[in-house]
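Following: one structure in structure tokens, then a few remarks.
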Amino acid sequence: MEGHRAESNNGHRAESTGVKEPRGIREGRPVSLRLDKATIAKIEADRIYDLILPETDGKETVTVPLSYLESVLTTGQTLEALAPAYVRRALERLSETAKVHRFRRKAVIPKESLAFVAAAFRKAAESAERRPS
């Protein structure tokens with residue numbers, strides 16, 4: 001299949017394969033989905049529950065990439081204003097109980113701590129939904 005040639009305004013020719021780029025994506029920059037905080041809190045709580053709910057032979061902990069732990073902490077800081085007491089305490093508990101293995105870029109986290117964070121994120125979502133927009 002031959003591609004089409006297009007000439008840009010700088011005189012260089014660009015080869016096109018006929019595959020269109022999704023709208024909104026330009027030069028590799030991420031696109032905002034414009035999700036409200038309540039939706040973000042629900043999605044993140046669901047992600048946590050999906051991680052901890054499957055039966056894993058009676059294990060009380062889960063091992064996750066360090067980036068996952070960092071993402072949960074960052075999201076929690078974003079949602080903290082919605083339910084300060086719940087989210088702050090959940091993040092403190094998560095930070096206290098997570099065993100970080102920097103060399104392996106992994107974290108071992110008690111499921112109970114993650115469940116506490118998921119519940120706090122749900123509280124934040126409820127709070128956001130009650131607020132006037």
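A quick note: this is a predicted structure, and the numbers were derived from the prediction, not measured.
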Among Leu94, Val117, Val100, Thr61, exactly one meets side chain to side chain contact (heavy atoms under 4.5 Å, CB included) together with Ile109. Which residue is that? Leu94
Hey, quick one: are Val62 and Val108 part of the same hydrophobic cluster, counting side-chain heavy atoms closer than 4.5 Å, chains of contacts allowed? no
About how many Å separate CZ of Phe121 and CD1 of Ile40, when rounded to the nearest 0.5 Å? 10.5 Å
Provide the closest heavy-atom pair for Ala124 versus Val87 in the form atom of the first, atom of the second, distance. CB-CG2, 4.3 Å
Spatial distance of atom CG (Leu114) from atom CD1 (Ile48) [nearest 0.5 Å]: 6.0 Å
From Arg47 CZ over to Glu44 CD, what is the distance, rounded to the nearest 0.5 angstrom? 4.5 Å
Which donor-acceptor pairs under 3.5 Å do side chains of residues 63-77 form with protein atoms, sequence neighbours excluded?
| from | atom 1 | to | atom 2 | distance (Å) |
| --- | --- | --- | --- | --- |
| Thr74 | OG1 | Glu70 | O | 2.9 |
| Thr75 | OG1 | Ser71 | O | 2.9 |

Check against side chain to side chain contact (heavy atoms under 4.5 Å, CB included), Arg122 and Asp46: CA-CA 9 Å; Arg122 282 281 174 191; Asp46 288 346; 2.3 Å; yes
Within residues 82-101 or reaching into it, pairs that qualify as side chain to side chain donor-acceptor pair (under 3.5 Å) - sequence neighbours excluded: Glu80-Arg88, Arg93-Glu112, Thr97-Ser113
Is there a side-chain contact between Thr39 and Glu129 (heavy atoms, below 4.5 Å)? no
Can you name the nearest heavy-atom pair linking Ala118 to Ala45, along with the distance? O-CB, 3.6 Å
So does Leu82 get a backbone contact from the side chain of Ser127, meaning a donor-acceptor N/O pair under 3.5 Å? yes
Test salt bridge (charged side-chain N to carboxylate O under 4.0 Å, His left out) applied to Arg104 - qualifying residues, sequence neighbours left out: none
